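On a predicted model such as this, the values are computed, not experimentally measured, just so you know.
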Amino acid sequence: MEEKKAIDQCDVGGILLSIIWFLFLVEILILTLIKPFITDFEVVSIIAVSTHIMLSTFLLITLKNKYRYLFLAAFLSRILIMLWDLFARSIFVLPNSGADSEMFYNSAVAISENIALFSFVRDLYPRLMGLLFYMIGPQRMTAHYLNVLLGLSTVVVIWKILVLLGITHRATKLTVILAAFFPTSIIMSGIFLREILPTFFVAASLYLYLKWFKTSISLYALGSVLLLLIASAFHSGVISIFVGYAFGFLFYNHRKKEFKSSLKSVIVFLLIVVGTALIFTRYGNLFLAKFAGVENIELIYYKASSSAGGSAYLQGVSVSNISQLLLFGPLRGFFFLTSPLPMDWRGVADIFSFITDSLLYITTIFLVIKYRRYYGQNKPLVIVLLIMIASAALIFGIGVGNAGTAMRHRQKLTPVFLTTLAVIMNSRRERLRIEIEEPSISRL
């Protein structure tokens, strides 16, 4: 009964989110139609965004869901960050807001003024924002607000994942709180950067993948891959998550709910690995340019040896061949997930970053190891999730050499980490319940 009620609430939450997005698209259409008559784009943007905020707030409050106030708080916190970034930057500039965000904004405005520049801008995010500005004018607040909605949608999708997996209320509530108030995610949802777009598509892709994992319906598998490809279009590093997907596709037996290998599946998996390696080495400029600025294997070695910026780590690690890459790659992946570690702290800011960001990833890794005997029937799912994390950490670790950039990029993996954390907490609770009940039954 409780499970059915949770699923019903999940359906209602999905419908409400769809309504919020529909109203936003209606506003975009109206703004497009009245663009020729607008004399002050900033004022119009403020009116449009404020109207949508009020409508969305009303819808969230009236949502028949026990987590509605968490969703509302997540929404409002991201709005506050948006407003701060737009109107209070003279007081304090938010982390990761500045050079890149202004470059993206200026590129988007340039495209809106001369659409021919669309093909000359490399990154997809300013190109999309340029098209938006071309339609509605240079309404920066509207573009920021689009990220706010994506941030809220990511939180809701993570909640839907937990409902899908049958996670207990206690573990679900804690995980939703983490998703709603994780500082890096809040910031990325309120500033003019692309980061929240791949994060949302990773979450949506993971949701469909887990639906395939539970049902074996091929359409869900296809949808998960397509959404992951969209995420990788904004940042190619997230395509590394597909390694975990592929492992599940090839080896998971839905009927027996365990991994089963065959000669055919092993051959296919090896072909995927070889094919990926060929693409990686021959077409690195296409798939990795936005990710690490590399075009060939020598530059990969260089990136894996570089540690730039004040928050750089592993500055003494040198990589000049494939064996050293294989040796030090896991170490760089670990530092990518956990930096800034205490030995690299430079002051209060680094300590704060460690507590509010790094600890999530460190805690998840710790609990995965500590509670490994509790996995039970969730073991195949945990293995697949860990393969996603390990492959992503390795690929991102190669291209990232400082804590600031690591925090920005690893937040794209938060849907996978939070799902893993929820499954681990749920598995431990379920196992403890069984251990308590078994002695009681034996006494009867």
| Yes or no on side chain to side chain contact (heavy atoms under 4.5 Å, CB included) for Ile239 and Leu229, after CA distance, side-chain angles and deciding distance? | CA-CA 7 Å; Ile239 198 63; Leu229 287 174; 3.7 Å; yes
Applying ring-ring contact (aromatic ring centres under 6.0 Å, His included), run through Tyr67 and His169 and close with a yes or a no. CA-CA 10 Å; Tyr67 301 105; His169 169 63; 5.7 Å; yes
Please walk me through it: do Met188 and Ile191 pass side chain to side chain contact (heavy atoms under 4.5 Å, CB included)?
-> CA-CA 6 Å; Met188 294 304 169; Ile191 63 179; 4.3 Å; yes
Practice task
Dump the intermediate steps for side chain to side chain contact (heavy atoms under 4.5 Å, CB included) on Thr184 and Leu360, then the final yes or no.
Solution key: CA-CA 11 Å; Thr184 306; Leu360 171 64; over 6 Å; no
> Going through the distances and angles, do Arg194 and Asp100 end up as a salt bridge (charged side-chain N to carboxylate O under 4.0 Å, His left out)?
Replying inline: CA-CA 10 Å; Arg194 66 187 176 191; Asp100 283 353; over 6 Å; no
Trace of the ring-ring contact (aromatic ring centres under 6.0 Å, His included) decision for Tyr105 with His144
CA-CA 10 Å; Tyr105 174 70; His144 277 251; 8.1 Å; no
Please evaluate residues Ile136 and Ile28 with respect to the criterion side chain to side chain contact (heavy atoms under 4.5 Å, CB included), reporting the C-alpha separation (whole Å), side-chain torsions for both, the decisive distance (0.1 Å), and the verdict.
CA-CA 7 Å; Ile136 68 174; Ile28 294 298; 4.1 Å; yes
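For Tyr125, the ring-ring contact (aromatic ring centres under 6.0 Å, His included) test picks out Phe104, Phe192, with sequence neighbours left out. With sequence neighbours left out, Met54 forms a side chain to side chain contact (heavy atoms under 4.5 Å, CB included) with no residue at all. Tyr145 meets the side chain to side chain donor-acceptor pair (under 3.5 Å) test with His52; sequence neighbours excluded. In this structure, the side chain to side chain contact (heavy atoms under 4.5 Å, CB included) partners of Ala180, at least two apart in sequence or on a different chain, are Ala74, Val155. The side chain to side chain donor-acceptor pair (under 3.5 Å) test applied to Thr199 returns Gln411, not counting sequence neighbours. Evaluation of the side chain to side chain donor-acceptor pair (under 3.5 Å) rule for Tyr220 yields Lys211 as partners, not counting sequence neighbours.
Of the possible donor and acceptor atoms, one in the side chain of Ser45 sits under 3.5 Å from a partner among the backbone N and O of Thr142. Formation of a donor-acceptor pair under 3.5 Å by the Ser391 side chain with backbone atoms of Met388 is found in this model. A donor-acceptor distance shorter than 3.5 angstrom exists from the side chain of Trp84 to the backbone of Phe92, with no hydrogens or angles considered. Asn402 contributes a side-chain N or O that, together with a main-chain N or O of Thr405, makes up a donor-acceptor pair within less than 3.5 Å. Here the side chain of Trp212 pairs no donor or acceptor atom with the backbone of Ser218 at under 3.5 angstrom. Side-chain atoms of Ser339 never come within 3.5 Å of backbone atoms of Phe336 as a donor-acceptor pair (strictly under, hydrogens ignored). Looking at Asn426, its side chain does come within 3.5 Å of a backbone N or O of Thr168 through a donor-acceptor pair. Between the side chain of Thr172 and the backbone N or O of Ile167 there is at least one donor-acceptor pair closer than 3.5 Å. Checking side-chain atoms of Arg78 against main-chain N and O of Val148 turns up no donor-acceptor pair under 3.5 Å. Judged purely by atom type and a 3.5 angstrom limit, His254 uses its side chain to pair as donor or acceptor with the backbone of Phe213.
If you run ring pair (Phe, Tyr, Trp, His ring centres under 6.0 Å) between Tyr209 and each of Phe247, Phe249, Phe242, Tyr252, only Phe249 comes through.
Summarising the local packing, CD of Glu102 is surrounded by more than 12 heavy atoms from other residues, nucleotides or ligands at distances under 6.0 Å. Within 6.0 Å of NZ in Lys173 there are 12 or fewer heavy atoms belonging to other residues, nucleotides or ligands. No more than 12 heavy atoms of other residues, nucleotides or ligands lie within 6.0 Å of CZ in Arg170, so this atom counts as exposed by the packing criterion. At most 12 heavy atoms of other shown residues, nucleotides or ligands fall within 6.0 angstrom of atom CZ in Phe58.
No side-chain heavy atom of Phe120 sits under 4.5 Å from any side-chain heavy atom of Arg127. The closest side-chain heavy-atom distance from Leu59 to Leu23 is below 4.5 Å. Annotation: side chain of Tyr361 is not in contact with side chain of Ile389 (no heavy-atom distance under 4.5 Å). With contacts defined as side-chain heavy-atom distances shorter than 4.5 Å, the pair Leu210/Leu381 qualifies. Contact of the Met82 side chain with the Val49 side chain is registered, since non-hydrogen atoms from C-beta on lie closer than 4.5 Å. Between Phe334 and Leu341, some side-chain heavy-atom pair lies under the 4.5 Å cut-off. Proximity of Ile38 to Gln139: side-chain heavy atoms (C-beta onward) are separated by under 4.5 Å at one or more points.
Here the closest non-hydrogen pair linking Pro330 and Leu394 is N-CD1, 3.9 Å. Pairing each heavy atom of Gly237 with each of Ile395, the nearest pair is O-CG2, 4.4 Å. In terms of heavy-atom proximity, Ala422 sits nearest to Ala171 at O-CB, 4.4 Å. Among all heavy-atom pairs drawn from Arg68 and Leu63, the shortest one is CD-O, 2.8 Å. Nearest approach of Ile387 to Gly244, heavy atoms of both residues: CG2-CA, 3.6 Å. Nearest approach of Pro183 to Thr356, heavy atoms of both residues: CD-O, 3.6 Å.
Side-chain atoms of Ser153 and Trp21 form a donor-acceptor pair, as typed in the model, at a separation below 3.5 Å. Remark: the Tyr245 side chain and the Ser205 side chain contain an N/O donor-acceptor pair separated by less than 3.5 Å. In the model, Ser427 has a side-chain atom that pairs as donor or acceptor with a side-chain atom of Asn378 under 3.5 Å. Side chains of His409 and Lys412: a donor on one and an acceptor on the other come within 3.5 Å. There is no side-chain donor-acceptor pair under 3.5 Å between Asp350 and Ser353.
Geometric assessment of Lys35 against the ring of Tyr134 yields a positive cation-pi assignment under the 6.0 Å and 45° thresholds.
For the pair Glu195 and Arg410, the salt-bridge criterion is not met [side-chain N within less than 4.0 Å of a carboxylate O].
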